[in-house]
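In the text below, chain A, chain B and the rest are named by the order of the sequence lines, each starting its count at 1.
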Amino acid sequence: MSKSPKTFRPKARVPKGLRDLSAGMVRAELRMLARIREVYERYGFDPLETSAIEYADALGKFLPDEDRPNEGVFSFQDDDEQWLSLRYDLTAPLARYVAENYDGLPKPFRRYQTGSVWRNEKPGPGRFRQFTQFDADTVAAPGVAADAEMCMMGADCLEALGIPRGDYRIRVNNRKVLDGLLETIGLGGDANELTRATVLRSIDKFDKLGRKGVELLLGTGRKDESGDFTKGAGLSPSQITAVADYVGSGLGEGATTRKRVLESWRKIVGASAIGAEGIDELTEMDALFEAAGYGLDRIEFNSWIVRGLGYYTGPVFESDLLFEVKDEAGNPVRFGSVGSGGRYDGLVERFKGVKVPATGFSIGVSRLQAALELLGKLDLEAVAAPVVVLTLDAARMADYQQMVTELREAGIRAEMYLGGSGMKAQMKYADRRGAPVAVIEGEDERATGEITLKDLILGSEMSKEIADNTAWREGQPAQVSVPRARLVEEVKAILARHGLHSGLHRG
RNA sequence: GCAGCCGUAGCUCAGCUGGUUAGAGCGCUAGAUUGUGGAUCUAGAGGUCCCCCGUUCGAUCCGGGGCGGCUGUACCA
């Protein structure tokens with residue numbers, strides 16, 4: 001029990017679902033963004049930035065009310081009492097931007113955008129409350145060529161990020177096909193809207209639960225591992241069979257080509273006008289994929305891709321990683337899609353009252369990065385640490401400053417030690433920083449007009465063979481004395497020996 | 001949101017049927033070594049035992065509530 005008066009000490013902790021990114025992670029993300037940007041630029045998209053905060057009503061759907069102002073989005077009230085929200089994706093702000101600037105934009109309007117988005121929901125593996133997305137969208141393009149382009153570009157991005165062909169798949173479906181299926185089994189019309197939503201959500205879970213699980217969800221319901229029960233759609237046995245047959249139709253021996261998949265779907269939903277339209281659209285996309293040489297190893301038609309309800313109106317697609325990801329403990333982690341998109345013809349209409357067809361693709365950069373990190377495929381060490389100039393004499397700081405400046409002017413990443421500890425600690429600091437070279441100028445050196453350069457990379461290797469500390473220190477391994485005037489050249493020589501160019505990048 | 005498990009130093013964890021000063025390993029800071037990274041030895045710093053309420057003479061331990069974490073599920077714009 002503390003008897004001292006209470007002093008308030010805030011607990012230092014990052015809010016849940018949010019995280020700090022250290023140097024390696026930030027650099028890794030920047031590199032990922034650069035690679036995606038290159039692909040988007042090559043496809044002819046232009047950058048756009050919009051604000052992170054929007055009026056809540058402009059984002060739509062999640063209008064905060066007094067009781068539950070934070071359902072899904074982070075919202076707060078401005079001075080004038082208007083509700084503001086942190087953007088939860090980059091598409092809704094795009095719709096606002098397009099509506100606001102409609103007359104001045106070239107149409108079709110093609111833009112890419114990256115940035116943080118925020119969602120007030122439960123975090124999970126690779127799922128954060130603040131995360132980075134990288135979107136490309138084409139607005140005012142009615143034909144499915146725009147959708148096909150998104151799929152191919154998505155594949156290009158994943159490969160540009162170092163994911164080999166075959167380790168990912170762009171999975172494509174069409175909401176019109178799903179609507180056709182529902183119509184075919186007698187679930188058309190306004191009265192069945194809720195049931196339709198439940199059926200679509202069940203189909204979406206095929207990947208996770210398999211045919212058996214989906215059939216339970218379509219029927220009476222399903223109990224999960226924790227004993228929690230999910231209510232089913234309550235379909236009849238024949239309806240369940242029809243849906244399950246459709247979901248299974250894109251798989252296995254029947255799916256040797258995309259055309260085959262479309263043929264089997266046409267048999268199931270072709271009688272419905274909307275279903276036939278959806279299949280015609282996918283047929284057209286297939287022709288474009290073929291013309292561009294994007295085979296089944298990159299893009300497939302997939303019956304269980306549904307995506308969010310009440311949003312997409314035509315082709316929908318997502319990119320999935322096909323290999324298993326395991327966490328630190330070796331348990332498999334289910335990562336969800338690392339990119340997704342589709343056609344949304346109604347978003348701009350909210351503002352303008354006229355339909356503006358649009359399609360887009362969004363890469364979940366943070367989630368993809370988390371997956372690559374667990375795979376050990378994230379390149380974390382591509383920037384060389386700075387050369388460290390030791391500061392052994394407080395009265396000679398100007399000399400050290402001069403050395404650092406010379407190195408920097410030569411394009412070498414360098415810093416002088418700015419802490420308050422002695423030489424041993426300074427060496428430890430240089431070591432921990434991963435510095436390739438330590439520059440030492442103490443009394444001894446100054447007397448002779450020389451400086452000591454210590455090759456820390458070489459020294460680290462040599463230390464493995466030296467058992468005795470005294471010998472290790474007295475031997476002063478991997479260090480040379482050189483004239484002060486040759487500082488830059490000699491440091492460069494050591495860096496070159498380790499394949500480092502100027503200390504800025506690894507060779 | 002719902003369900004299950006969990007919550008003790010920076011990290012990984014001990015801890016007596018509820019009893020006075022809560023421990024270890026690793027890590028951190030420093031000394032041994034007038035100016036040298038690893039190893040070794042030594043010392044030091046670091047804890048409202050998640051929070052609140054209750055039971056009790058007394059709670060890190062028992063009960064209730066809350067918060068947080070993990071897993072499953074729901075949702076995923």
Sidechain N-carboxylate O distance under 4.0 Å for A:Glu406, A:Arg484: yes
N-O pairing of A:Asp147 and A:Arg343 below 4.0 Å: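 Here A:Asp147 pairs with A:Arg343 in a salt bridge, since their nearest N and O are under 4.0 Å apart.
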I'd like the [atom1] distance from [M] over to [N], given in whole Å.
| N | M | atom1 | answer |
| --- | --- | --- | --- |
| B:C51 | B:G15 | C1' | 22 Å |
| B:C41 | B:G46 | P | 24 Å |
| B:U42 | B:U60 | P | 33 Å |
| B:G27 | B:C11 | C1' | 7 Å |
| B:U20 | B:G37 | C1' | 46 Å |
| B:A74 | B:C13 | C1' | 34 Å |
| B:U8 | B:C61 | C1' | 11 Å |
| B:C50 | B:C67 | C1' | 8 Å |

Taking N and O atoms by type only, does the side chain of [X] place a donor or acceptor under 3.5 Å from a partner on the base of [N]?
| X | N | answer |
| --- | --- | --- |
| A:Arg127 | B:C76 | yes |
| A:Gln479 | B:U36 | yes |
| A:Lys424 | B:U36 | no |

Could you tell me which non-hydrogen atom of A:Ser85 sits nearest to which non-hydrogen atom of A:Leu59, and how far apart they are?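 Shortest heavy-atom contact: CB-CD1, 3.6 Å.
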Rounded to the nearest 0.5 Å, how far does CD of A:Glu100 lie from NZ of A:Lys352? 10.5 Å
Could you tell me if A:Ser116 and A:Gln130 have a donor-acceptor pair between their side chains, going purely by distance under 3.5 Å? yes
Would you tell me whether A:Tyr312 and A:Asn173 have side-chain atoms, one donor and one acceptor, within less than 3.5 Å of each other? no
Atom [atom1] of [X] to atom [atom2] of [N]: distance rounded to whole Å?
| X | N | atom1 | atom2 | result |
| --- | --- | --- | --- | --- |
| A:Leu94 | B:A77 | CG | P | 16 Å |
| A:Leu200 | B:A77 | CG | P | 12 Å |
| A:Tyr429 | B:C28 | OH | P | 15 Å |
| A:Asp137 | B:A77 | CG | C1' | 13 Å |
| A:Asp431 | B:G27 | CG | C1' | 15 Å |
| A:Met427 | B:U36 | CE | C1' | 5 Å |
| A:Gln133 | B:A77 | CD | P | 10 Å |
| A:Asp89 | B:A77 | CG | C1' | 5 Å |

Using the closest heavy atom to pick a nucleotide of RNA chain B for each, name whichever of A:Ile440 or A:Arg119 lands nearer the 5' end. A:Ile440
Pick the nucleotide of RNA chain B nearest each of A:Leu456 and A:Asp204; which residue has the one closer to the 5' end?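 Residue closer to the 5' terminus by nearest nucleotide: A:Leu456.
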Side chain to side chain contact (heavy atoms under 4.5 Å, CB included) evaluation trace for A:Leu84 with A:Phe76: CA-CA 5 Å; A:Leu84 300 172; A:Phe76 54 94; 3.6 Å; yes
With a 3.5 Å distance limit and no angle check, can you tell me whether A:Asp320 reaches the backbone of A:Leu322 through a side-chain donor-acceptor pair?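 Pair absent, no side-chain N/O of A:Asp320 close to backbone of A:Leu322.
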Verify, without hydrogens or angle tests, whether A:Glu29 (side chain) and A:Val26 (backbone) share a donor-acceptor contact under 3.5 angstrom.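 Checked: no pair found.
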What is the nucleic acid contact for [X], judged by heavy atoms within less than 4.0 Å: base, sugar-phosphate only, or nothing?
| X | value |
| --- | --- |
| A:Arg432 | sugar-phosphate |
| A:Leu392 | nothing |
| A:Leu390 | nothing |
| A:Glu461 | nothing |
| A:Gln426 | nothing |
| A:Tyr312 | sugar-phosphate |
| A:Asp455 | base |
| A:Ser421 | sugar-phosphate |

Examine [N]: is either OP1 or OP2 under 4.0 Å from a nitrogen or oxygen in the side chain of [X]? Give yes or no.
| X | N | value |
| --- | --- | --- |
| A:Lys231 | B:A74 | no |
| A:Arg307 | B:A77 | yes |
| A:Arg201 | B:A74 | no |

Would you say A:Leu194 has more than 12 foreign heavy atoms packed within less than 6.0 Å of its CG?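 At most 12 heavy atoms, drawn from other residues, nucleotides or ligands, come within 6.0 Å of this atom.
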Within 6.0 Å of CD in A:Glu193, more than 12 heavy atoms from elsewhere: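 Incorrect, the count does not exceed 12.
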Measuring centre to centre across the rings, with the benzene-like ring taken for any Trp, is A:Phe351 within less than 6.0 Å of A:Tyr102?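 A:Phe351 vs A:Tyr102: aromatic centres not under 6.0 Å.
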Nearest listed nucleotide, side chain of A:Tyr311, among B:U36, B:U73, B:A77: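 Nearest to the side-chain atoms of A:Tyr311, counting from C-beta on, is B:A77.
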Select one nucleotide: of B:A77, B:U73, B:C75, the one nearest the side-chain heavy atoms of A:Val73. B:A77
Base-paired stems in RNA chain B, each at least three Watson-Crick or G-U pairs under 3.5 Å: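 RNA chain B forms these stems: B:1-7 with B:67-73, B:10-13 with B:23-26, B:28-32 with B:40-44, B:50-54 with B:62-66.
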Short N/O separations, protein against nucleotides 66-70 of chain B, under 3.5 angstrom:
none

